Amino acid sequence: MRSCCAHNTESPILSYNNETELAAVVNLCYLAARDKYRVEREDKAGKGFVDFIFYPERKNLDSIILELKVDSTPEEAIKQIKDKAYALRLKGKLGEKSRSTGRILAVGISYSKETKEHCCKIEVLA
């Protein structure tokens with residue numbers, strides 16, 4: 001299910017333009033990933049709290065850091081991922097092994113209240 005379709009069909013009209021609703025839509029869209037990933041919301045990472053981190057259950061899968069932005073751009077979301085060093089959460093603590101051997105993907109999803117359009121950008125961090 002694409003996020004824009006889920007957002008249009010699953011979100012109440014009075015809270016449609018709310019980032020919390022967009023986050024709920026992402027949860028709906030990624031329920032199928034729960035057999036491959038442990039998904040955490042508002043997880044402490046780097047210098048703040050990331051909207052979503054997808055921790056792979058198997059070592060060969062990519063890790064995913066997802067940031068949502070309303071009335072902004074996916075580029076701004078990815079910039080926040082980098083500026084706040086969210087990928088540190090996936091590197092493990094000192095003396096620990098990395099949580100993943102796959103790539104770390106930064107995913108920025110934005111939503112425009114005016115046009116009701118969604119945009120997404122994915123960038124490989126490591």
Side-chain angles (χ1 to χ4, degrees):
M1 177 183 285
R2 291 180 25 217
S3 66
C4 61
C5 296
H7 197 190
N8 287 337
T9 60
E10 301 299 328
S11 296
I13 194 68
L14 294 177
S15 59
Y16 188 88
N17 289 333
N18 184 307
E19 184 176 313
T20 303
E21 274 304 313
L22 189 53
V25 168
V26 170
N27 273 335
L28 285 173
C29 295
Y30 286 99
L31 282 175
R34 296 215 185 253
D35 62 335
K36 296 178 183 174
Y37 290 91
R38 180 173 53 87
V39 181
E40 298 291 336
R41 284 189 67 184
E42 298 297 331
D43 204 6
K44 173 76 175 112
K47 301 174 196 168
F49 293 87
V50 62
D51 287 336
F52 289 89
I53 293 186
F54 290 75
Y55 295 99
E57 295 291 347
R58 295 191 300 263
K59 287 286 185 185
N60 62 338
L61 293 174
D62 294 333
S63 301
I64 303 168
I65 300 171
L66 186 137
E67 188 66 30
L68 304 171
K69 291 290 181 193
V70 175
D71 287 336
S72 188
T73 65
E75 290 80 11
E76 279 296 315
I78 290 176
K79 182 179 182 315
Q80 179 175 328
I81 291 169
K82 291 176 181 178
D83 289 350
K84 295 201 175 199
Y86 291 156
L88 288 175
R89 185 73 174 112
L90 296 163
K91 306 274 186 194
K93 296 179 183 170
L94 288 175
E96 284 183 351
K97 288 185 178 181
S98 174
R99 296 175 184 254
S100 170
T101 57
R103 300 175 300 176
I104 298 174
L105 305 178
V107 178
I109 298 177
S110 67
Y111 166 71
S112 168
K113 290 180 182 179
E114 183 180 329
T115 65
K116 295 190 175 12
E117 290 181 343
H118 302 78
C119 293
C120 177
K121 181 176 181 178
I122 300 171
E123 189 173 308
V124 177
L125 296 180

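Heads up: numbering here begins at 1 and tracks the sequence. These numbers come from a predicted model, not from an experiment.
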Engineer: Only counting residues at least two apart or in another chain, list the ones meeting salt bridge (Lys or Arg N to Asp or Glu O under 4.0 Å) with Glu75.
Structural biologist: none
Engineer: Among Ile78, Thr73, Ile109, whose side chain to side chain contact (heavy atoms under 4.5 Å, CB included) with Lys121 holds?
Structural biologist: Ile78
Engineer: Could you see if Phe49 belongs to whatever hydrophobic cluster contains Leu66? Use Ile, Leu, Val, Met, Phe, Trp, Tyr and a side-chain cutoff under 4.5 Å.
Structural biologist: no
Engineer: Quick one: CZ on Phe52 to CG on Asp43, what's the gap to the nearest 0.5 Å?
Structural biologist: 11.5 Å
Engineer: Which heavy atom of Val39 sits nearest to which heavy atom of Arg34, and what is that distance?
Structural biologist: CB-NH1, 3.7 Å
Engineer: Report yes or no: does Asp51 contribute a side-chain atom to a donor-acceptor pair with the main-chain N or O of Leu68 at less than 3.5 Å?
Structural biologist: yes
Engineer: Where do Val107 and Ile65 land on the side chain to side chain contact (heavy atoms under 4.5 Å, CB included) test, with the steps shown first?
Structural biologist: CA-CA 6 Å; Val107 178; Ile65 300 171; over 6 Å; no
Engineer: Which atom names give the shortest non-hydrogen contact between Gly46 and Lys44, and what distance separates them?
Structural biologist: O-NZ, 3.2 Å
Engineer: Please list, chain by chain and in numerical order, all residues satisfying side chain to side chain contact (heavy atoms under 4.5 Å, CB included) with Asp83, sequence neighbours excluded.
Structural biologist: Lys79
Engineer: Can you list everything that forms a side chain to side chain contact (heavy atoms under 4.5 Å, CB included) with Lys47? Sequence neighbours excluded, please.
Structural biologist: Lys84
Engineer: Kindly compute the distance separating CD (Gln80) from CD (Glu67), expressed to the nearest 0.5 Å.
Structural biologist: 4.0 Å
Engineer: Taking the side chain as everything from C-beta on, heavy atoms only, tell me whether Leu125 gets closer than 4.5 Å to Tyr86.
Structural biologist: no
Engineer: Between Leu61 and Lys36, what is the shortest heavy-atom contact and its length?
Structural biologist: CD1-O, 3.5 Å
Engineer: Classify the angle between the aromatic ring planes of Tyr37 and Phe54 as parallel (below 30°), tilted (30 to 60°) or perpendicular (above 60°).
Structural biologist: perpendicular
Engineer: Locate the shortest heavy-atom distance separating Arg89 from Ile53; write the atom from each residue and the value.
Structural biologist: CG-CD1, 3.7 Å
Engineer: Which atom names give the shortest non-hydrogen contact between Gly108 and Pro74, and what distance separates them?
Structural biologist: O-CB, 3.3 Å
Engineer: Under the 3.5 angstrom rule, does the side chain of Asp62 hit a backbone N or O of Arg103 as a donor-acceptor pair?
Structural biologist: yes
